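Please read all numbers here as calculations on a predicted model, not as lab measurements.
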Amino acid sequence: MGVDLGPLIKSRRQIRVEELHGKSVAIDAYNALYQFLAVIRGEAGEPLTDSKGRVTSHLSGLYYRTLNLLEKGVKPVYVFDGKPPELKAQEIENRIRQRESARAKYEEALKRGDLESARTYAALSARLRDYMVEDAKRLLEALGVPWVQAPSEGEAEAAYMAAKGYVWASVSQDYDSLLFGSPVLVRNLTISGRRKLPRKDVYVEVVPELIRLDEVLGELGLTREQLVDLGILIGTDFNPDGIRGVGPVKAYNYIKKYGRLENIAELASELSSIDYNAIRTIFLSPSVAEPGPLEWRPPDEGAVVEFLCREHDFSEERVLNALRRLKASAPARTETLDRWFG
DNA sequence: CACATGAA
DNA sequence: TTCATGTGG
């Protein structure tokens, strides 16, 4: 789930996607694909599939959103997770349990004909399979959009790329990127701005927002090391339970008062069961790799149609229409592709 | 989530 | 143009 820094962060600025024109962004691929997979579903919560039963929800979302970003002059690079740190085992186990519980509730809801609940629980039980990740990478290749394989956490790699200036920002719904040191984080990078609130027939406007690490640290009066300690008190993927009874506000007060975990005497006992030095290392010296040169090429129309339409039964009309829109917005052929894509 | 369509 | 609704695969 990521660390719950939301309530503490006031320095967030709403932006329009157009403001990212000409900028490259490193997108947490797992985060994006999972959201597509969870939310792009039929009436009873079933995912979109091709005629062979392979799930395609994530491909639909990835395709249209990526083309939209390119159309607006944004250069995306997708960053895929590698091997998770050992300390993530508990979190991974929790997620599996939650998915299984949701799947049971999904089946119950279906049985009693409660489609709305079925849809909710279907989303919660969604699981991103290896073949779905492979398909996503193949689609990106056909689109001429680069992707990077992280050695470990995708968010860490994306943060590294942003910190090094390889990309302008990292993109994720989670705040972990900030702990990993991403100087700029973009959340809610969506095109259509309306989202339905769960359990209510109410729609809220969801606008992309920009968060700068230096502003967050400045406003909170913390160093990044302290922000990581704060995260550990709240709970991270590497200590999902955090400290009992400590949420964002109390955690912040502790860090402001005591400076670092070692100095919080009243939590010494609780903290003794957390390997917080290892967690600090994961965030402050994460396992990352040099990503290699990032290159954006024009989409290979034939490859896109072959993959989406021939292999996965997408509508050729829709697929080509989306490609046409990108071409219409693309620079004149005479202009170097570098101007837009490089 | 994003697209297509028809109504306002 | 905006908005609500149904569908995509």
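At the heavy-atom level, A:R325 lies under 4.0 Å from the strands shown only through sugar-phosphate atoms. Nucleic acid contact for A:I40: base, since at least one base atom lies under 4.0 Å from a heavy atom of the residue.
Remark: A:E209 pairs with A:R12, A:R187 by the salt bridge (charged side-chain N to carboxylate O under 4.0 Å, His left out) rule, at least two apart or across chains. Applying the side-chain contact (heavy atoms from CB on, under 4.5 Å) test to A:N68 and every residue at least two apart in sequence or in another chain returns A:E71, A:K72, A:I191, A:R325. Scanning for side-chain contact (heavy atoms from CB on, under 4.5 Å) contacts around A:K256 gives A:L222, A:Y252, with sequence neighbours left out. The salt bridge (charged side-chain N to carboxylate O under 4.0 Å, His left out) test applied to A:R129 returns no partner, not counting sequence neighbours.
Considering only side-chain N and O atoms, A:N321 lies under 4.0 angstrom from the phosphate OP1 or OP2 of B:dA4.
C:dG8 atom P lies 19 Å from atom CZ of A:F36, rounded to whole Å. Atom CD in A:E46 sits about 13 Å away from atom C1' in C:dG6, given to the nearest Å. Summarising the geometry, the separation between CD on A:E71 and C1' on B:dA2 is reported as 13 Å, rounded to the nearest angstrom. Rounded to a whole Å, the CG atom of A:D50 is 15 Å from the P atom of C:dG8. Taking atom CG on A:L326 and atom P on B:dC3, their separation rounds to 13 Å, with Å as the unit. Atom CG of A:L33 and atom P of B:dA2 are 13 Å apart (whole Å). In this structure, A:R41 atom CZ and C:dT7 atom P are separated by 18 Å, rounded to whole Å. Between the C1' atom of C:dG8 and the CZ atom of A:R65 lies a distance of 16 Å, rounded to the nearest Å.
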Which pairs would a plain distance check flag for residues 269-279 of chain A, meaning a side-chain donor or acceptor within less than 3.5 Å of a matching protein atom at least two apart in sequence or in another chain?
from: A:S272; atom 1: OG; to: A:S269; atom 2: O; distance (Å): 2.5
from: A:S273; atom 1: OG; to: A:E270; atom 2: O; distance (Å): 2.9
from: A:N277; atom 1: OD1; to: A:R280; atom 2: NH1; distance (Å): 3.0

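More than 12 heavy atoms of other shown residues, nucleotides or ligands fall within 6.0 angstrom of atom OH in A:Y160.
Heavy-atom distances under 4.0 Å link DNA chain B to no residue of residues 52-62 of chain A.
Considering only heavy atoms from C-beta on, A:P47 comes within 4.5 Å of A:R41 through its side chain.
Comparing B:dA2, B:dC1, C:dG9 by their nearest atom to the side chain of A:V39 picks out B:dC1.
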